[in-house]
Amino acid sequence: MDIRVTQGCPQCGAPADVAEADQLLSCGFCGTSNYLQSQGPFRYVLPLAKQVGGEGLVMAPYLRFKGTIYLVSDQGINHRVIDTTLAANPMPGLPPSLGIRPQAMGVHRLDPRSPHRYLPQSIGANAILEKAASVGHLGGALKEGLHHRAYIGEHLSYIYLPISVRSGALVDAVNGGHLSALADAVDQVVEGRPYHPSWAVRFLATLCPHCGATMEGAGDSRVLLCSNCHSGWTLGREGLTRMDWSLHPGEENTALYLPFWKITAHIPVLSIYSFADFIERTNQPMLPRARWRERVMSFWIPGFKLRPKIFLQAGRQVTLGQWRLAPEASRVVADFFPATLPASEARQAVKLILAATTATPKRIFPFLPEVRLTESMVQLVYLPCIDRGHDWVQPETGMTIAKNILSFGRAL
C-alpha cells in the first residue's frame with residue numbers, strides 16, 4: 001500500500017497529493033513541474049492527535065524500506081518484496097514498527113519551523129535491512145552458502161513518531177498510548193536535536209539544461225526526455241545530468257516502448273568480454289556465432305519496476321536475445337513507458353541477471369562476490385512492444401509481460 005503525502009507547489013502554493021516515492025511534482029493549477037531533491041532520504045512525520053498536551057514533543061525516527069531483496073545462495077535465487085517501517089532508535093517503550101499507520105493516516109513533511117526535538121538514528125540502516133531480510137523464507141538462504149545480496153527498486157525514507165512528555169511519562173502523541181516512564185528513556189530524550197537544514201526538500205525546475213524547454217514525466221520517473229531537442233536527463237546530486245539514450249526501431253503495430261538499461265562491461269574474474277564469452281561461461285544451449293566474438297557483452301536490465309520473478313525473466317530474455325537488437329539514435333515519441341528504476345540500481349542488478357541466465361549455477365554463483373565490472377558504459381534503450389491482448393510482447397527477443405503486471409509494478 002502506498003503512502004500519500006501532501007506537498008505544496010513551490011510556484012503557486014497549491015496542495016498536491018503525491019506518492020511517497022514520487023520525485024516529480026506536477027502542479028495541476030499553475031502547470032509547473034519540479035524535481036524534489038534532498039540530502040539523503042525524504043523525512044516525514046505522522047499527524048498529531050487533535051489534543052496533544054504535555055511538556056513538549058520529541059520525534060522518534062523509523063526507517064521505512066520498500067523494495068525487493070534478492071539473495072543468491074546455494075539454494076538458488078530467492079526474493080521477497082519488503083514493505084516495513086522499523087525503529088531506528090533504541091529508546092525503551094518504542095513500538096518496534098509503525099505497522100500500517102503511515103499508509104492509513106498519511107504523513108506530512110517535516111516543518112523546519114517546529115520547535116520539536118528529533119532523536120538521532122542510532123541503529124544503522126544495514127542492520128535494519130538485514131533484520132528485514134531475515135524474516136520469512138529468506139532466513140534460510142542467509143545461513144546456507146550466501147553468494148550475493150541486492151536491494152532493487154528500493155525506497156528509503158524516515159518517518160517520525162511524535163512522542164509527548166507528560167507527567168514524567170512518554171506518550172504516543174498519535175494515539176495517546178503510554179510508551180514508558182521518562183526516567184527509563186531520559187538518555188535518549190536528552191540526545192534530541194533540532195531540525196537540521198540539510199533535511200529540507202529543494203525544488204528543481206524541470207527545464208531542459210540544453211534548450212530550456214519544459215520536460216514532463218510521471219511522478220515516479222527517474223529519467224526525463226526533452227521533446228524539443230530530444231536529449232535525456234537523470235536527476236543527480238548536482239541536478240540534472242545528461243545521459244545517453246537510444247531506441248530500437250519498431251514496426252507500424254508498435255504500441256509501447258519499454259525502457260531497458262543497457263550496461264556494457266567486462267567481467268575479468270569470469271573472462272567475460274564478449275557476448276560469445278558470456279554464452280560459453282553460462283553454458284547456454286547454443287553455439288556462439290563468429291560475429292558474437294566481436295560483440296562486447298551487455299547486460300539488459302528492465303528500467304522499470306516489476307515483480308521479482310518477472311524482473312529476472314525479462315532481464316534474462318533480453319540479455320540472451322540482445323544479438324537481435326540494433327538500437328539507434330532517435331527522437332522522442334508518445335508511447336514511451338516511464339523509466340522508474342534509476343541506473344544506479346540497474347548496476348546492482350547485473351549480478352542478478354548473470355545468476356538468472358546461467359544454465360550451470362555452480363560455474364557462476366561462487367564467483368559472484370568477486371565480480372567487478374570494468375570498462376562499463378550505460379545507455380537507456382527503448383524497446384518496441386506489440387499489443388497481444390492481455391500481454392505486451394517484444395518481437396525480437398520474445399520477452400512477454402502481462403499488462404496487469406506492468407501496471408502493478410508501478411506500486412512496488
Side-chain angles (χ1 to χ4, degrees), residues 1-7 15 17-21 40-67 81-136 155-196 199:
M1 186 186 295
D2 233 345
I3 294 178
R4 307 304 296 180
V5 183
T6 299
Q7 174 66 61
D17 185 44
V18 299
E20 172 201 16
F42 290 143
R43 296 172 185 264
Y44 308 100
V45 61
L46 288 172
L48 294 170
K50 293 183 179 180
Q51 300 294 331
V52 178
E55 305 159 19
L57 288 176
V58 293
M59 301 290 180
Y62 284 75
L63 180 67
R64 172 170 163 78
F65 173 84
K66 184 180 180 183
V81 176
I82 302 291
D83 186 348
T84 186
T85 309
L86 299 176
N89 186 284
M91 188 181 79
L94 275 185
S97 170
L98 292 179
I100 64 170
R101 285 201 280 181
Q103 293 92 330
M105 305 178 67
V107 294
H108 306 290
R109 296 198 188 275
L110 298 186
D111 184 354
R113 300 165 298 179
S114 69
H116 309 320
R117 308 288 290 182
Y118 298 85
L119 300 183
Q121 176 196 346
S122 51
I123 301 177
N126 288 337
I128 294 175
L129 294 181
E130 286 183 9
K131 182 178 180 180
S134 65
V135 177
H155 174 73
L156 290 175
S157 61
Y158 289 107
I159 299 178
Y160 287 87
L161 172 66
I163 298 174
S164 174
V165 181
R166 188 186 307 166
S167 302
L170 298 180
V171 177
D172 186 324
V174 176
N175 61 18
H178 179 273
L179 297 178
S180 68
L182 177 60
D184 296 334
V186 66
D187 291 339
Q188 283 79 17
V189 172
V190 297
E191 290 180 354
R193 305 166 184 172
Y195 179 92
H196 197 282
W199 298 347

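In this text the structure is predicted, and so the values were computed from the model without any measurement.
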Under a 4.0 Å threshold between the charged nitrogen and the carboxylate oxygen, would E20 count as salt-bridged to R64?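 E20 and R64: salt-bridged.
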Answer whether the closest heavy-atom distance between the side chains of [X] and [Y] falls below 4.5 Å.
| X | Y | value |
| --- | --- | --- |
| V58 | M91 | no |
| L179 | P95 | yes |
| N89 | P120 | yes |
| I163 | L94 | yes |
| N175 | R101 | yes |
| R117 | P194 | yes |
| L110 | Y44 | no |

Distance under 6.0 Å and angle within 45° of the ring axis: does R109 meet both against F42?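 Flagged: R109 positioned over aromatic ring of F42.
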Y62 vs L86, test: side-chain contact (heavy atoms from CB on, under 4.5 Å). Steps then yes/no. CA-CA 5 Å; Y62 284 75; L86 299 176; 5.6 Å; no
Atom [atom1] of [X] and atom [atom2] of [Y]: how far apart are they, to the nearest 0.5 Å?
| X | Y | atom1 | atom2 | result |
| --- | --- | --- | --- | --- |
| F65 | T85 | CZ | OG1 | 11.5 Å |
| M59 | R43 | CE | CZ | 13.0 Å |
| L170 | H178 | CG | NE2 | 7.5 Å |

Are W199 and Y118 an aromatic pair, judged by ring center distance below 6.0 Å?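 For Y118 and W199, the ring centres are under 6.0 Å apart.
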Quick one: closest heavy-atom pair of [X] and [Y], and the distance?
| X | Y | answer |
| --- | --- | --- |
| H108 | P47 | NE2-CB, 3.8 Å |
| V174 | P162 | CG2-CD, 3.7 Å |
| S114 | D111 | OG-O, 2.9 Å |
| G106 | L46 | O-CD2, 4.1 Å |
| P41 | L156 | CB-O, 3.4 Å |

For V107 and V5: C-alpha separation, side-chain torsions, deciding distance, then whether side-chain contact (heavy atoms from CB on, under 4.5 Å) applies. CA-CA 6 Å; V107 294; V5 183; 3.7 Å; yes
Listed by chain and number, what are the side-chain hydrogen bond (donor to acceptor under 3.5 Å, both in side chains) partners of Y195, not counting sequence neighbours?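 For Y195, no residue satisfies side-chain hydrogen bond (donor to acceptor under 3.5 Å, both in side chains) once neighbours in sequence are set aside.
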Partners meeting side-chain hydrogen bond (donor to acceptor under 3.5 Å, both in side chains) with R193 (sequence neighbours left out):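 If we apply the side-chain hydrogen bond (donor to acceptor under 3.5 Å, both in side chains) test to R193, skipping adjacent residues, there are no hits.
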Mind running side-chain contact (heavy atoms from CB on, under 4.5 Å) on K66 and I3 for me, showing each step along the way? CA-CA 11 Å; K66 184 180 180 183; I3 294 178; over 6 Å; no
